Asker: 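Mind looking over this structure? Questions follow.
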Amino acid sequence: MKKKILVVDDNPVMLKFMINLLNREGHDVKTAEDGFIALSMLTSFKPDIMFIDLIMPKLDGRKLCQIVRKMEDLKNCYVVVISAAVLELNLDCIEIGANVCIAKGPFDVLKKNVLAAVKESYHAPRDTIPKSIMGLEAVDPRRMTSELLSRNRHLETMLESMAEGILEIFSHRIVYANSAAVSLFGLPEEKLLFSYPFDLFEKNECSRIKALLKSGEGGPFEIGHDTPLKLKDRRVTIRYLPVKGDGSTVIILITDVTERKLLELQVQHARKMEAIGTIASGVAHNFRNILNAIHVNNQLIQMNSDSNAEVDTNTGRIESAVKKGAQLVEDLMQFSRKELIKEFKRFNLSELIRETHQLIKISFDKNIDIHINVPESISIIGRPSELSQALMNLCTNARDAMPNGGVLRIEAKVDENNVIVMISDTGQGMEKEVKEKCFDPFFTTKAIGKGTGLGLSTTYGIVKDHEGDIHVYSEPNKGAVFELHLPLAPE
Ligand SMILES: Nc1ncnc2c1ncn2[C@@H]1O[C@H](COP(=O)(O)OP(=O)(O)OP(=O)(O)O)[C@@H](O)[C@H]1O
Ligand SMILES: [Mg+2]
């Protein structure tokens, strides 16, 4: 019976031998010089039998088998692996997905085995397990091949253990992907192979890469250094390295920079806060001197006014404005942490939270439902007065976010060596831009005279001073959660 056969081998002598042999038997034979060409042919030609050489440039026989085995329209194709290196490779036909393996040896032995394999393909159920390698008796192991293959395995181990994703591209398609690349793309290897690498990125990113490639005149170059490329939930940079002297092959290195970018942002934020702190403390210092001068002169006027009621009212107003100004200076100093270092002491944070709760219970509007849930005792080391101020700031913000009432929750729990205090509300929440800026000094969305924008920046300063962290989670109309992480006192 006439069969459609595809022979894939990079050796022209071997191809000629196979064509002659199989044509004589009346079969329809096509040939391909490597796995890459074979795959292109397989889109239109569906063979009944494939003879595949194992070691080939570009896409090798092992990968080709792997891909063919996943192709639905080739699931009945009988795959015969023929290799000159079966002995040296210590070949496992089952693992590759072949139906039969034949060792390349003298042509007369080979001829017998090839014809036997074709015959076998008529009867064999598709999932036959190969018994043994045919033709082994006629070949001897070769030292040179063993050494080359062993060297190859060393290099492959290195490539597979690298943290960077590596792709080898031939004629714009992927012919090799290491495991890091496979996991970055989140696709099985056989899906990655033979696909166009840049089409695996989102549409916008794909056009961005292609535009850069066009302007880059062949490379090598890096893409995404300043603005990393999005790949699933990761941020990556790409190095595009054409192989010298080979116009069609390119190596692409993919580096996952997600964590690095996050750290950079944190450092940037910390630096910004520090710079603002320095300016704030300078301003506060001068402002305090000015306030002092006003305060002293105001007192002089009071002393000399001979109980003039009108003057007293005016100086009283000045005095109260000076007090407010002094509080502002105090806040600024707090934020910039340039104030005299007050002593840290061990105390029960739960108690402090309960005190704050008492205070807000009497002062907040009744349309705000306040819930508290804290353990009996949480021992931390710090400055109670500052932490109490931080809690008050957060609770006040929560109240302001719920002008029509809502629920305010104050919770605390111990997690390993930290205590996490959560202040959450069911208020208006924050847009992304507000969330990003809310810790900046003087940032406020409140009306003039309603807020100074120092509440959260002061809180930030206090928490950092306690070697803690503050996080905010919020979305518009979905309320806000502020989380303080503070280290527990050692036992
Ligand atoms: N719980 C919250 N819900 C919604 N938005 C909030 C919340 N907490 C803070 N914000 C936003 O962050 C901004 C900055 O808060 P911050 O406490 O620093 O200043 P403020 O409350 O405006 O003024 P101040 O606290 O100095 O009186 C607020 O103006 C508000 O837009
Ligand atoms: Mg506030």
Side-chain angles (χ1 to χ4, degrees), residues 269-270 272-277 279-281 283-284 287 320-321 323-337 339 353 356-357 359-361 363-365 367-372 385-412 420-466 468-485:
H269 185 249
K272 183 171 92 183
M273 294 308 251
E274 210 176 295
I276 297 176
I279 299 172
S281 90
V283 172
F287 196 55
S320 106
K323 272 206 183 111
K324 278 189 192 145
Q327 183 57 48
L328 197 66
V329 169
E330 175 76 17
D331 285 351
L332 272 175
M333 290 297 218
Q334 188 77 263
F335 164 72
S336 60
R337 285 173 275 152
E339 188 66 305
I353 297 177
T356 312
H357 175 227
L359 211 65
I360 57 176
K361 216 164 63 178
S363 57
F364 282 11
D365 264 2
N367 63 1
I368 292 180
D369 212 359
I370 309 172
H371 296 270
I372 173 168
S385 61
E386 286 183 3
L387 285 170
S388 149
Q389 187 193 349
L391 289 174
M392 272 312 276
N393 288 347
L394 294 175
C395 291
T396 316
N397 282 348
R399 176 201 64 191
D400 295 347
M402 301 186 284
N404 303 320
V407 181
L408 164 59
R409 267 176 231 284
I410 311 171
E411 291 157 285
I420 304 173
V421 183
M422 281 161 292
I423 314 281
S424 48
D425 64 66
T426 55
Q428 70 211 19
M430 282 180 255
E431 297 282 350
K432 190 164 165 272
E433 298 74 42
V434 175
K435 210 162 57 180
E436 276 164 11
K437 291 208 181 101
C438 70
F439 294 109
D440 289 3
F442 302 112
F443 174 80
T444 177
T445 55
K446 291 172 188 166
I448 297 174
K450 284 272 164 65
T452 57
L454 278 173
L456 283 181
S457 49
T458 309
T459 306
Y460 179 92
I462 293 173
V463 173
K464 285 285 159 192
D465 240 9
H466 284 75
D469 242 326
I470 181 162
H471 305 285
V472 53
Y473 307 93
S474 179
E475 270 175 57
N477 301 320
K478 293 208 177 136
V481 182
F482 281 84
E483 251 186 43
L484 308 185
H485 292 232

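Residues: numbered from 1 along the sequence shown. Counting starts at 1 for both ligands and their atoms, following the listed order. Computed from a prediction, not measured in an experiment: that's the story for all the values here.
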Asker: For Ile462 and Leu387, run side-chain contact (heavy atoms from CB on, under 4.5 Å): C-alpha distance rounded to whole Å, both residues' side-chain angles, the deciding distance at 0.1 Å, then the answer.
Answerer: CA-CA 7 Å; Ile462 293 173; Leu387 285 170; 4.0 Å; yes
Asker: Among Met392, Lys450, Gln428, Met430, whose heavy atom sits nearest atom 7 (C) of ligand 1?
Answerer: Met430
Asker: What protein heavy atom lies closest to atom 29 (O) of ligand 1? Include the residue and the distance to one decimal.
Answerer: Thr445 N, 2.9 Å
Asker: Decide yes or no for Tyr473 and Glu483: does some side-chain heavy atom of the first lie under 4.5 Å from some side-chain heavy atom of the second?
Answerer: yes
Asker: Answer yes or no for Asn393: is there a heavy-atom contact with ligand 1 below 4.0 Å?
Answerer: no
Asker: What is the minimum heavy-atom distance between Asn367 and Asn404, and which atoms define it?
Answerer: ND2-C, 3.7 Å
Asker: Decide, counting backbone as well as side-chain atoms, whether Asn397 has an N, O or S atom less than 2.8 Å from the Mg ion (ligand 2).
Answerer: yes
Asker: Where is the nearest protein heavy atom to atom 14 (C) of ligand 1: which residue, which atom, and how far?
Answerer: Phe443 O, 3.3 Å
Asker: Does Gly429 come within less than 4.0 Å of ligand 1, judged by its heavy atoms?
Answerer: yes
Asker: Is the shortest side-chain N to carboxylate O distance from Asp400 to Lys446 below 4.0 Å?
Answerer: yes
Asker: Any N or O on Lys446 sitting closer than 3.5 Å to an N or O of ligand 1?
Answerer: yes
Asker: Going from CD on Glu330 to CD on Gln389, what distance comes out if it is rounded to the nearest 0.5 angstrom?
Answerer: 7.5 Å
Asker: Ignoring hydrogens, just give me the one of Ala447, Ala401, Gly451, Ser424 whose non-hydrogen atom is nearest atom 3 (N) of ligand 1.
Answerer: Ala401
Asker: In Å, rounded to the nearest 0.5 Å, how long is the span from NZ of Lys361 to OG1 of Thr356?
Answerer: 12.5 Å
Asker: So Met430 and Val472, do their side chains get closer than 4.5 Å, heavy atoms only?
Answerer: yes
Asker: Give me the residue, atom name and distance of the protein heavy atom closest to atom 22 (O) of ligand 1.
Answerer: Thr444 OG1, 2.6 Å
Asker: Under 4.0 Å, heavy atoms only, figure out whether ligand 1 is touched by the backbone of Asp425, its side chain, both or neither.
Answerer: side chain
Asker: Which atoms of ligand 1 have any heavy atom of Gly455 under 4.0 Å away?
Answerer: 16 (P), 17 (O), 18 (O), 24 (P), 25 (O), 26 (O)
Asker: Heavy-atom contact under 4.0 Å between Phe439 and ligand 1?
Answerer: no
Asker: With heavy-atom distances below 4.0 Å as the criterion, list the atoms of ligand 1 near Leu454.
Answerer: 26 (O)
Asker: Taking the side chain as every heavy atom from C-beta outward, state whether Asp425 and Val407 have any pair of such atoms under 4.5 Å apart.
Answerer: no
Asker: Could you identify the single nearest non-hydrogen protein atom to atom 16 (P) of ligand 1 and state the distance to 0.1 Å?
Answerer: Leu456 N, 3.5 Å
Asker: List ligand 1 atoms under 4.0 Å from Cys438, heavy atoms only on the residue side.
Answerer: 12 (O), 14 (C), 18 (O)
Asker: Tell me which one of Asn397, Thr452, Asp440, Val434 gets a heavy atom nearest to atom 27 (O) of ligand 1.
Answerer: Thr452
Asker: Of all the non-hydrogen atoms in the protein, which one sits nearest to atom 19 (O) of ligand 1, and at what distance?
Answerer: Gly453 CA, 3.2 Å
Asker: State, with a plain yes or no, whether a side-chain heavy atom of Ile423 is found less than 4.5 Å away from one of Val481.
Answerer: no
Asker: So, taking the atom named CG in Leu328 and the one named CZ in Phe287, what distance separates them when rounded to the nearest 0.5 Å?
Answerer: 6.5 Å
Asker: Flag the pair Glu433 and Lys437 as a salt bridge only when some basic side-chain nitrogen lies within less than 4.0 angstrom of an acidic carboxylate oxygen.
Answerer: no
